[in-house]
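Just so you know, ligand 1 is whichever comes first in the structure, and atom 1 is the first atom listed for that ligand. Being a predicted model, the structure only gives us computed values, none of them experimental.
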Amino acid sequence: MVNIVLFGPPGAGKGTQSENIIDKYGLNHISTGDLFRKHLGEGTELGKLAQQYMDQGKLVPDEVVIGMVGDYITTKKDAPGFIFDGFPRTVAQAEALDALLEKYDTAISCMVMLDVPEDELKKRLLERGKTSGRVDDQNEEKINVRIQEYLNKTLPVAGFYASQSKDCKINGVGTVEEIFGNISSALDTHI
Ligand code: B4P
């Protein structure tokens with residue numbers, strides 16, 4: 001199995017680049033943001049719980065996220081591998097993911113980190129907010145909370161994968177095609 005973590009701050013292009021990676025490498029896609037939005041749309045209890053955090057730009061509690069990902073992987077355990085998009089977002093989530101994959105005799109192959117400066121992130125998210133209908137994209141205050149959550153809780157995850165020599169930093173500024181070209185070259189040498 002090939003398992004990739006796509007990592008970066010909000011608006012770095014994780015969702016955008018995931019689509020290209022899936023097309024080329026045929027992996028199963030898990031976006032925790034998309035899964036929460038699906039639950040939200042279906043009005044499930046999990047969706048209602050997640051919404052309270054997402055609308056404020058805060059991270060959803062670890063136990064909720066880890067349980068949801070564990071359930072999802074169980075239903076797809078015959079997949080050729082996974083691309084984890086927006087997960088793990090805390091060190092506790094990263095540790096839980098390692099334990100989960102170990103149960104299936106597999107592990108993370110590579111963590112791709114998209115590097116984008118803060119002013120560019122804000123510009124992209126505010127632009128998407130004009131059409132996405134996402135409450136968390138629609139004002140600068142909420143975007144600032146998301147960036148702070150990233151700096152405080154998510155950035156340490158990069159160190160977690162660096163300590164396993166699985167990290168790979170990619171410049172996330174440029175055209176979608178240029179960035180994907182750099183991701184592909186990195187993946188082809190790492191997996
Ligand atoms: P996510 O849905 O994961 O979203 P994201 O961080 O906003 O986006 P992403 O980086 O995927 O950006 P995109 O490609 O769309 O999370 C939303 C919320 O869910 C979180 O705040 C949190 O509350 C909750 N959540 C999710 N996972 C969680 C977890 N594991 N633990 C706890 N809570 C969790 O790109 C953004 C925009 O930029 C798009 O409009 C795109 O068109 C544009 N763009 C992309 N690439 C570009 C480029 N190269 N140049 C110019 N624009 C570009």
Worksheet entry | Option of least heavy-atom distance to atom 50 (N) of ligand 1 (set: R124, E127, Q52) |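 The nearest heavy atom belongs to R124.
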Of M54, Q56, K123, K142, which has the heavy atom at the shortest distance from atom 19 (O) of ligand 1?
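Comparing heavy atoms across M54, Q56, K123, K142, the nearest one to atom 19 (O) of ligand 1 lies in M54.
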Please list, in number order, the atoms of ligand 1 under 4.0 Å from a heavy atom of [X].
X	value
I179	49 (N)
Q93	29 (C), 30 (N), 31 (N), 32 (C)
G13	10 (O), 12 (O), 13 (P), 14 (O), 35 (O), 45 (C)
G15	9 (P), 11 (O), 14 (O)
A12	10 (O)
P10	6 (O)
G86	27 (N), 28 (C), 29 (C), 30 (N)
G33	2 (O), 26 (C), 27 (N)

Under a 4.0 Å threshold between the charged nitrogen and the carboxylate oxygen, would [Y] count as salt-bridged to [X]?
X	Y	value
R124	E127	no
E149	R146	no
D119	K122	no

Check: Looking at ligand 1, does G174 have a heavy atom less than 4.0 Å from it?
Finding: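 Judged by the 4.0 Å heavy-atom criterion, G174 does count as contacting ligand 1.
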Worksheet entry | D136-Y53 side chain donor-acceptor pair, cut-off 3.5 Å |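 Y53 and D136 do not have a side-chain donor-acceptor pair below 3.5 Å.
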Distance-only N or O hit between ligand 1 and [X], under 3.5 Å:
X	answer
R37	yes
D34	no
T32	yes
V60	yes
R89	yes
S31	no

Below a 4.0 angstrom heavy-atom separation, can you tell me which part of [X], side chain or backbone, both or neither, approaches ligand 1?
X	value
V65	side chain
Q17	neither
E149	neither
D137	neither
R134	side chain
R146	side chain

For the backbone of [Y] and the side chain of [X], can you confirm whether one donor and one acceptor N or O come within less than 3.5 Å of each other?
X	Y	answer
T32	G86	yes
S109	N3	yes
K14	G8	yes
E178	T175	yes

| How are the rings of Y150 and F7 set relative to one another: parallel (under 30°), tilted (30 to 60°) or perpendicular (over 60°)? |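 Geometry flag for F7 against Y150: tilted rings.
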To the nearest 0.1 Å, how far is [atom] from its closest protein heavy atom, and which atom is that?
atom	result
atom 23 (O) of ligand 1	K58 O, 2.8 Å
atom 39 (C) of ligand 1	R128 CD, 3.8 Å
atom 41 (C) of ligand 1	T16 OG1, 3.8 Å

Report task. Treating Ile, Leu, Val, Met, Phe, Trp and Tyr as nodes and any side-chain heavy-atom pair under 4.5 angstrom as an edge, say whether F36 and L49 lie in one connected cluster. Result ->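 The answer is yes; both residues are in one hydrophobic cluster.
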- prompt: Do V176 and L6 belong to the same hydrophobic cluster, where Ile, Leu, Val, Met, Phe, Trp and Tyr are linked whenever their side-chain heavy atoms lie under 4.5 Å apart, directly or via other members?
  reply: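 Shared cluster, no.
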Which of these passes side-chain contact (heavy atoms from CB on, under 4.5 Å) with Y25: N20, L187, I83?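 That would be L187; it is the only one of N20, L187, I83 passing the side-chain contact (heavy atoms from CB on, under 4.5 Å) with Y25.
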Enclosure of [X] [atom1] (heavy-atom neighbours >12, cutoff 6.0 Å):
X	atom1	answer
K24	NZ	yes
K166	NZ	yes
E19	CD	no

